[in-house]
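Note that these values count all heavy atoms, side chains included, but never hydrogens, waters or copies made by symmetry. Proteins come first, then strands; the chains are lettered A, B, ... in the order of their sequence lines, and each starts at number 1.
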Protein chains: 2
Amino acid sequence: MTDESWITRFDGLSRLEPRIQEILLSRSTVIDVEAGTVLFGPGRAPQNLLLLLEGTVRVQQTSDTGREVVLYRVTAGESCVLTTACLLAYEDYSAEGVAETDIRAAAIPRHVFDDLIAASKEFRNFVFSAYSKRITDLFHVVEEIAFRRMDIRLAQKLLERAEGDTVKATHQQMAAELGTAREVISRQLSEFQRRDWIEQSRGTIRLTDRAGLEKLAATQG
Amino acid sequence: MTDESWITRFDGLSRLEPRIQEILLSRSTVIDVEAGTVLFGPGRAPQNLLLLLEGTVRVQQTSDTGREVVLYRVTAGESCVLTTACLLAYEDYSAEGVAETDIRAAAIPRHVFDDLIAASKEFRNFVFSAYSKRITDLFHVVEEIAFRRMDIRLAQKLLERAEGDTVKATHQQMAAELGTAREVISRQLSEFQRRDWIEQSRGTIRLTDRAGLEKLAATQG
DNA sequence: GCCGTTCAGTGATCTAGTCACACAAGACCG
DNA sequence: CGGTCTTGTGTGACTAGATCACTGAACGGC
């Protein structure tokens with residue numbers, strides 16, 4: 001991918017007026033960040049709006065007791081808009097964003113972001129619909145955590161995160177996805193295994209019966 | 001309060017350029033809404049940005065099993081910005097906003113909102129910091145639900161919602177505040193009563209020992 | 001004062017989270 | 001190759017929270 005063409009990667013940006021695209025390209029910089037880097041978090045306020053070109057960013061929350069929960073992921077072609085809001089005020093939030101893979105992103109300085117918002121209706125639409133997506137993601141997380149059973153949530157997560165028929169994750173990592181404890185995941189997975197829905201080995205889970213998992217994932221409650 | 005002066009009620013708006021204040025006043029309408037009205041929700045997309053002059057709006061989520069959880073409240077002097085985001089896309093969210101009291105609000109049509117965003121840096125700051133507050137509220141809700149013990153959360157909620165030394169709410173309503181079941185609240189309150197922290201009567205709870213509640217509310221876990 | 005409705009109390013049972021460990025699978029290394 | 005270290009997983013016992021199925025108490029309106 002050439003850096004000059006990255007705008008085409010974003011649905012909402014390719015419709016921008018050419019003049020605005022120009023500004024976007026000339027006043028942003030494409031950066032590469034290594035997997036595992038903390039992009040923002042307590043005491044690490046982001047200075048730029050990031051438009052993700054390659055890789056994924058995981059946004060998660062950590063409790064004082066050490067438990068974690070994944071709030072949402074930003075994937076290639078999406079923007080990390082919530083950080084723009086969190087730039088402004090309320091630095092006391094405890095969520096953090098971590099590069100889950102090596103990533104490449106276009107970084108737009110805050111004042112350029114502000115200029116673009118003022119100048120372009122299309123850019124405003126892009127930004128506000130990105131907000132919209134994140135906020136509905138958060139609503140969804142609240143709903144899942146507050147009301148949905150663990151076994152159902154775990155089945156959903158396995159299906160969602162499977163590449164081919166395998167999920168590469170430790171029980172601890174799955175627990176962090178769902179905001180629960182490792183033991184809970186271990187027990188649920190044992191049960192799934194007993195039902196011959198999965199096979200387990202250290203650090204990976206093979207889905208041997210998607211239909212079984214899908215049936216559970218589709219149930220209410 | 002005269003309608004002409006409502007802008008002064010909003011910290012972030014009183015600094016607006018006079019020209020912009022003019023637009024805001026002339027192109028918005030002050031509306032009165034009765035307590036209990038659903039302002040937005042599934043199938044009821046809001047057409048305006050609301051700036052709340054009097055009263056409070058409760059934003060909550062309902063599960064298919066009938067349980068509820070309060071996400072946040074909008075109070076006088078604040079704006080209902082998340083609805084602007086949700087106007088745009090993703091109508092499938094299940095959160096709803098209810099007038100908790102009789103309310104008075106300035107309603108700004110969507111296209112005026114867009115014009116103001118384009119025209120005024122101060123207005124942009126106002127909107128983005130409102131977003132910022134709501135999003136950190138949501139992060140906070142996730143953290144509470146996922147990691148905090150019920151007794152602690154209930155103690156906090158009682159202190160937060162007390163007017164004088166009484167909380168006017170049924171057990172069912174407190175359960176909806178915290179996203180739990182009524183029985184859980186009943187049992188926790190019995191325990192608080194046993195410890196002489198509260199007195200109960202139908203629909204009201206009197207805090208007789210704030211210190212006790214505060215001590216519990218301050219504990220971790 | 002009666003009656004219907006809304007609130008609150010309670011036991012039994014199930015699911016989830018916590019604590020304290022034991023043990024197994026690789027990783028590293030002499 | 002066998003030892004030891006780290007990391008991941010299994011398990012029992014216990015506490016907290018959710019669910020179900022009730023009972024009875026309090027209040028509102030005739």
Side-chain angles (χ1 to χ4, degrees), chain A residues 36 61-69 142-158 166-195 198-206 216 219-221, chain B residues 36 61-69 142-158 166-195 198-206 216 219-221:
Chain A
Q61 180 128 5
T62 307
S63 81
D64 22 65
T65 63
R67 267 173 60 195
E68 292 184 1
V69 59
V142 171
E143 184 171 18
E144 290 282 300
I145 294 179
F147 305 131
R148 200 78 65 202
R149 294 172 50 97
M150 269 314 311
D151 51 356
I152 295 170
R153 295 174 58 207
L154 179 55
Q156 287 172 342
K157 216 28 133 183
L158 287 173
T166 67
V167 177
K168 277 239 164 293
T170 65
H171 294 185
Q172 182 58 63
Q173 287 167 337
M174 291 305 291
E177 288 284 327
L178 299 172
T180 183
R182 200 257 319 155
E183 297 91 319
V184 175
I185 298 295
S186 293
R187 287 185 180 121
Q188 294 289 357
L189 288 178
S190 304
E191 178 59 19
F192 288 180
Q193 188 170 34
R194 199 192 59 73
R195 297 188 198 171
I198 62 167
E199 282 170 8
Q200 297 191 66
S201 61
R202 209 188 160 100
T204 64
I205 301 154
R206 266 198 57 221
L216 175 61
T219 58
Q220 302 288 20
Chain B
Q61 179 126 8
T62 308
S63 82
D64 21 67
T65 63
R67 269 174 57 198
E68 292 184 0
V69 59
V142 171
E143 185 171 16
E144 290 283 299
I145 294 179
F147 305 131
R148 201 77 66 199
R149 293 172 51 97
M150 268 315 309
D151 52 356
I152 295 170
R153 295 174 57 206
L154 179 55
Q156 287 172 343
K157 213 33 131 184
L158 287 172
T166 66
V167 176
K168 277 237 165 293
T170 65
H171 294 186
Q172 182 58 62
Q173 287 167 336
M174 291 305 292
E177 289 283 328
L178 299 173
T180 184
R182 201 252 323 152
E183 296 91 319
V184 174
I185 298 295
S186 293
R187 288 183 179 125
Q188 294 289 356
L189 288 178
S190 303
E191 177 59 20
F192 289 180
Q193 189 170 36
R194 199 191 60 73
R195 297 188 197 170
I198 61 167
E199 282 169 9
Q200 298 190 65
S201 62
R202 195 174 228 250
T204 65
I205 301 154
R206 264 199 58 222
L216 175 61
T219 58
Q220 302 289 21

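- Minimum atom distance to the side chain of R187(A) is reached by dA13(D), of the listed dA13(D), dG9(C), dT9(D).
- When rounded to the nearest whole Å, the span between CD of Q200(B) and P of dA8(C) equals 8 Å.
- If M150(B) and R202(B) are placed on DNA chain D by their nearest nucleotide, the residue sitting closer to the 5' end is M150(B).
- Here the CD1-CZ distance, from I185(A) to F192(A), works out to 8.5 Å after rounding to the nearest 0.5 Å.
- For dT6(C), neither phosphate oxygen OP1 nor OP2 lies less than 4.0 angstrom from any side-chain nitrogen or oxygen of H171(B).
- Considering only side-chain atoms of T180(A), the nucleotide from dG10(D), dG9(C), dG17(C) that sits closest is dG17(C).
- Mapped onto DNA chain C by nearest heavy atom, Q188(A) and S201(A) fall at different nucleotides, with Q188(A) at the one closer to the 5' end.
- Of the residues E183(A), R182(A), Q188(A), the one that meets the side chain to side chain contact (heavy atoms under 4.5 Å, CB included) test with H171(A) is R182(A).
- The side chain of T170(A) sits closest to dG8(D) out of dG9(C), dG8(D), dG17(C).
- Minimum atom distance to the side chain of R149(A) is reached by dT15(C), of the listed dA21(D), dT15(C), dT18(C).
- Within 4.0 Å (heavy atoms only), R182(B) reaches at least one base atom of the nucleic acid.
- Atom-to-atom distance recorded for T204(A):OG1 and I198(A):CD1 is 10.0 Å, nearest 0.5 angstrom.
- At the heavy-atom level, Q173(B) lies nowhere under 4.0 Å from the strands shown.
- With hydrogens and angles ignored, no donor-acceptor pair closer than 3.5 Å exists between the side chain of Q172(B) and the base of dC7(C).
- In this structure, CG of L154(A) is placed 15 Å from P of dT15(C), rounded to the nearest angstrom.
- In this structure, the CZ atom of R148(B) is 13 Å from the P atom of dG17(D), given to the nearest Å.
- The pair D151(B)-R187(B) does not count as a salt bridge, with every side-chain nitrogen at least 4.0 angstrom from each carboxylate oxygen.
- The nearest whole Å value for the distance from the CD1 atom in I185(A) to the P atom in dT15(C) is 16 Å.
- Backbone-only engagement by R67(B) is indicated by non-hydrogen atom pairs under 4.0 Å involving sugar-phosphate atoms exclusively.
- Contacts of Q193(A) with the nucleic acid, taken as non-hydrogen atoms under 4.0 Å apart, are absent.
- In this structure, OG in S190(B) is found 6.0 Å from CD in Q200(B), a value given to the nearest 0.5 Å.
- Counting to the nearest Å, the P atom of dA8(C) and the CG atom of L189(B) are 9 Å from each other.
- One atom, CG of D151(A), and another, P of dC14(C), lie 15 Å apart when rounded to the nearest Å.
- For the pair K168(B) NZ and dC27(D) P, the computed distance is 11 Å after rounding to whole Å.
- One cannot find a donor-acceptor pair under 3.5 Å joining the base of dT15(C) and the side-chain atoms of R153(A).
- Between E183(B) atom CD and dC22(D) atom C1' there is a gap of 11 Å when expressed in whole angstrom units.
- At least one donor-acceptor pair under 3.5 Å links the side chain of R67(A) to the backbone N or O of A146(B).
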